[in-house]
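Take a look at the structure below.
Order of appearance sets the numbers: ligands from 1, and atoms from 1 within every ligand. Hydrogens, waters and symmetry mates play no part in the numbers below; they use all other heavy atoms, side chains included. Not measured: the values here are computed from a predicted model.
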Amino acid sequence: MISAIKGSLYTITIFVVSEILYQLYSRGRKRRGSRSSGNKTESESRLSSTSLQVLFFPDKDVACREHFLTGNGCMKVNCRFSHNKTSLSELYRHMLDCQKTMDVCVYIITCKDLADILSRLFRRGVKIRIISDSEQLRSSGSQIWSLRKEGIPVRTNPSSYLMHHKFVVIDEKVLINGSFNWTAQAITGNQENVIITDDDAVSSLFVAEFQRLWEEFDPSRQGDGKLI
Ligand SMILES: [Zn+2]
């Protein structure tokens, strides 16, 4: 009889202890679960609110200007340029999406197609500012002079050190940054990379850096005030 009671107590004790352990384990798992799902939600919303694109050059084929830059598309029957997506056509797409401002900080600009997009946007009312390297203004095919002639403000570095950046900020939001100079050689010859992101944490730093350089390269601060 006593041993039977002892056996029952033993069984009950085991049950109670295992139930307590199970409850503790369940609560811990729920807490861990809610923590991790909270993080997941945060990181997912962060990812969904920003975009990231990486482009590599050279392009095997040159993107067709008419196809990507005009609203009418290309009418040529045997067009020798590409109507498929290329790294250059993606650059075109981002630039043409510009609504209000475009800050261009690029070492060398000789590619007429990319310069033409700036002209087009400028005529559309987009506020464009260009910072480029003072030595490269004198390079063959520099588009800076014609852009400046159109009325687009251009500033250059007064020192002999290079203004070696290659970044663009569109609407103070979308950053295009990498090794890519605006030259034909960079499009179809060189190994180049470009990262495009609208992550504020990154692009805001480039917005600030552009503004800092813009003020530093103000010609009124440079001796006789003449543009270099
Ligand atoms: Zn075409």
Side-chain angles (χ1 to χ4, degrees), residues 50-133 136-154 165-199 203 206:
T50 62
S51 65
L52 177 68
Q53 184 178 18
V54 178
L55 303 175
F56 293 107
F57 290 87
D59 280 339
K60 282 183 187 154
D61 302 302
V62 179
C64 174
R65 269 178 62 99
E66 283 69 27
H67 184 73
F68 291 103
L69 298 185
T70 68
N72 305 324
C74 176
M75 307 299 278
K76 290 175 190 159
V77 179
N78 293 313
C79 179
R80 65 192 179 95
F81 298 105
S82 174
H83 293 181
N84 297 320
K85 190 163 82 174
T86 65
S87 292
L88 181 62
S89 75
E90 285 296 278
L91 273 189
Y92 286 160
R93 182 172 66 81
H94 287 288
M95 290 174 71
L96 291 170
D97 278 347
C98 179
Q99 299 295 312
K100 291 181 179 171
T101 63
M102 186 176 290
D103 289 332
V104 179
C105 190
V106 174
Y107 174 62
I108 176 168
I109 298 177
T110 56
C111 174
K112 192 168 185 319
D113 289 347
L114 286 165
D116 282 351
I117 295 181
L118 296 183
S119 301
R120 182 188 301 231
L121 292 170
F122 184 67
R123 288 195 292 269
R124 198 201 282 170
V126 170
K127 186 181 168 195
I128 293 175
R129 298 185 294 180
I130 298 174
I131 293 175
S132 196
D133 184 74
Q136 292 307 317
L137 298 193
R138 297 170 183 89
S139 65
S140 167
S142 174
Q143 297 296 307
I144 292 293
W145 304 104
S146 58
L147 291 168
R148 184 177 269 169
K149 203 181 282 182
E150 285 199 50
I152 296 175
V154 179
H165 286 304
K166 293 102 181 171
F167 73 86
V168 179
V169 183
I170 298 170
D171 294 327
E172 299 190 333
K173 172 77 176 163
V174 177
L175 170 71
I176 300 173
N177 183 47
S179 63
F180 184 80
N181 275 304
W182 287 14
T183 67
Q185 186 175 312
I187 296 165
T188 55
N190 296 348
Q191 312 296 324
E192 309 275 7
N193 73 82
V194 175
I195 292 175
I196 302 169
T197 180
D198 62 0
D199 188 335
S203 58
F206 283 81

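A distance-only check finds no donor-acceptor pair linking the side chain of Ser87 to the backbone of Asp59 [under 3.5 Å]. At least one donor-acceptor pair under 3.5 Å links the side chain of Ser203 to the backbone N or O of Lys173.
Annotation: side-chain contact (heavy atoms from CB on, under 4.5 Å) contacts of Ser89 (sequence neighbours excluded): Ala63, Phe68, Lys85, Thr86.
Between Lys100 and Glu172 there is no salt bridge, since none of the side-chain N atoms of the basic residue sits less than 4.0 Å from a carboxylate O of the acidic one.
Take the Zn ion (ligand 1) and draw a sphere of radius 2.8 Å; the protein N/O/S atoms inside it number 4.
Crowding of Arg80 atom CZ: a count of heavy atoms from other residues, nucleotides or ligands under 6.0 Å not exceeding 12. For CD of Gln53, the number of neighbouring non-hydrogen atoms (other residues, nucleotides, ligands) closer than 6.0 Å is greater than 12.
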